[in-house]
Amino acid sequence: MSSIIQLLPDHVANQIAAGEVVQRPASVVKELLENAVDAKATDIKLIIKDAGKSLVQVIDNGVGMTVTDARLCFARHATSKIRQAEDLFSLGTKGFRGEALASIAAIAHMEMKTKQDQDELGTHIVIEGSKFISQEVAVLPKGTSFAVKNLFFNIPARRNFLKSDTVEFRHVMDEFQRVALAHPNIHFSFYHNGSEMYNLPAAGYRQRIVGIMSGKTNEKLVPVNEDTEIINVQGFVCKPEFAKKNRGEQFFFVNDRFIKSSFLHHAVMSAYDGLLKDGSQPSYFLYLQVPPNTIDINIHPTKTEIKFDDEQALYAILRASIKHSLGQFNVAPVLDFDRDANLDTPYHYKDVEAEIPTIQVDGTFNPFTDDKTNQHYSKATSGSSGYSSGSSSSSSGSSYSGSSYSGYSKRVEPTASWESLYVGLDVENPESIESSPFTFENEEVTSSLFDDEEVEQATQKTYQIHKKYIVSPIKSGMIIVDQQRAHQRILYEQFLLNMTVNQAASQQLLFPLDLFYSASEMKLIEELKPSLETTGFVFDESKTDHVVISGIPVNITESEVSQVIEQLLSDLQDGIPANSYSQNDTIAKSMAKSLAVKTGSYLTEKEQDNLVNGLFACKDPNISPFQKPTFITMRVEDIDKKFAL
Ligand code: ADP
Ligand code: MG
């Protein structure tokens, strides 16, 4: 019997291999882009026509090829990237199989131009369906250009199998984005049917991500940084409130290669535990570097899957570092962390000197009796030493009666004597104090207002409703404080005071914080440094893309720092104010906004008390730094009226 086994001719073998390597135009895009990256190009241009069906061209300024290599690169298993099987374990390139060009050349019309820097002339080769059509010497710039036309011209079945241009274009876009995201240091441009899709200058990760995703992405990103012996994690995750309905923006790069990994995805999702609405998907752009010998990227022909040596450890590290980042930005529930809960209490009244002298009370005074108010007010401003929790309140009171806040002066008269909202209660009718509202930190002062029993009672007299308002009975009815605005006011005044007297205390960090920013953000930070230092920040060094912070203001916790700076940067998008006063004002406002307890936060009774006390110790308690009312009052009469209906 005659033997029936034959060796397939090369072009047939190549066509078969092409079935694996080239499924659609996007596969060609991926292979050519990756070759350009491997060739150390710093500028890569992708040009396609008809979603890549009629043309995919990639032009790079990389190392180029010699005449011999230019011809050899189309041979199967022709690669310059590995020499022996062991090299697979120290792989630093995208390609290594040496079959992409051979496969593409087998199923398309292909033209290549390439020149090495040191050569006078380059090589121009035309190859169609694995057949060399021409090879010429040509005058060319440094680098390589591949043009792939008429994909699947010789395999009609495959050609018919291609989807609509819209679908194929989407695939090309995906591949382009993956490579461009993995290599922000390379300038990429992308043209489709003559129009520019992307032009992405060399940049850092953040800018590249923003360049590829929408412009709004920047403010959604939370940086992740973790360096351990087995893995370095860098990149960004999105704040949970920006989670999307689909999984479109989820990227892992391992050693600069886009990969898919359901187990890494799971690690990320577990870090978001409890933070996402059902079914919503956080965006993430995570760059992992691992020693090449701890991964096997050879397990899948199109190489988007990967096998790690120590999956468990990677899972734990990734999860922890993302949790940490989300925590730093105050987006995770506090209880999720092994943190000292005290650090999360926004009020540090124990550190603040209580400025509460003995209070002399005009027991007959009722601030909500209109006719008496003004009279009383003028009394207060004309030298009475009473009514002063904040000793400054009387003097500042007069300035607030001016036009800027007149909108609110109807509701609440100038607060020269905010205590008077309460004091009438006990003095007039101690028995009726169901409602002595606030305790003071300073015992002595407290005792002058309430006797011990009453103090005991008083601790029960603020109520938080809807995690938004603090309600408390007062003499004339009740007061409703907006917790977020009130805290903004308190912090704003604290910061402003620290900045203007230039005596802000700083807490030294045990481990300085290393925070990464884009070049433009760094520029802003540089300009703001002097002002930030007056709040208590201590900057150690700054490089082009990061700052090292070794000291922070006392009223900030370490985990809040990056959020504060991020907020500041976004508040300063329209530029830094010219004079130092408004610069300080902007910073104080921004920091108050970041750090203030938010609507939706539960406050303990103690915190509620502190908040209300702190508010009325402010120079200007009536309004938030953003000119919104901080509290309103309701008179008993008004409540009565409602019931009379
Ligand atoms: P692989 O990338 O797996 O090595 P390819 O078939 O994609 O296989 O490429 C074969 C070889 O051709 C590469 O190893 C490289 O030496 C050379 N080559 C391909 N593209 C380029 C390019 N843009 N610039 C320089 N050399 C290239
Ligand atoms: Mg390749």
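Both counts, for ligands and for their atoms, begin at 1 and track the order of listing.
The closest approach between E31 and ligand 1 stays at or above 4.0 Å for every heavy atom of the residue. For the ligand labelled ligand 1, residue F146 lies inside the 4.0 Å heavy-atom shell. In this structure, G62 does not count as a contact residue of ligand 1, since none of its heavy atoms falls inside 4.0 Å of the ligand.
Looking at K220 and E249, no side-chain N of the basic residue comes within less than 4.0 Å of a carboxylate O on the acidic one, giving no salt bridge. Between R206 and E566, at least one side-chain nitrogen of the basic residue sits less than 4.0 Å from a carboxylate oxygen of the acidic one, meeting the salt-bridge criterion.
Listed by atom number, the atoms of ligand 1 under 4.0 Å from T79 heavy atoms are 1 (P), 4 (O), 14 (O). Within the listing of ligand 1, atoms 22 (C), 24 (N), 25 (C) sit less than 4.0 angstrom from a heavy atom of A39. Of all the atoms in ligand 1, the ones that sit under 4.0 Å from a non-hydrogen atom of A100 are 6 (O), 7 (O).
Between F176 and F188, the ring-plane angle classifies as perpendicular under the 30° and 60° cut-offs.
For the pair N61 (side chain) and T42 (backbone), a donor-acceptor distance under 3.5 Å is present.
When the heavy-atom distances from atom 5 (P) of ligand 1 to D69, N35, L33 are ranked, the shortest goes to N35.
Geometrically, ligand 1 and M65 share no nitrogen or oxygen pair separated by less than 3.5 Å. At under 3.5 Å, not a single nitrogen or oxygen of D38, backbone or side chain, sits near a nitrogen or oxygen of ligand 1.
The Mg ion (ligand 2) has no N, O or S atom of T79 closer than 2.8 Å.
Proximity of T144 to ligand 1, defined as any heavy-atom pair under 4.0 Å, is confined to the side chain (atoms from C-beta onward). With a heavy-atom cut-off of 4.0 Å, L32 does not touch ligand 1 at all.
Counting only residues at least two apart or in different chains, ring-ring contact (aromatic ring centres under 6.0 Å, His included) contacts with residues 269-288 comprise Y205-Y287, F251-F285, F252-Y284, F253-Y287, H265-Y284.
A cation-pi contact, defined as under 6.0 Å to the ring centre and within 45° of the axis, links K163 to F161.
Within the 4.5 Å cutoff, the side chain of P291 has heavy atoms near those of the T294 side chain.
Residues passing the side-chain contact (heavy atoms from CB on, under 4.5 Å) test with V126, sequence neighbours excluded: E111, H124, E128, I133, S134.
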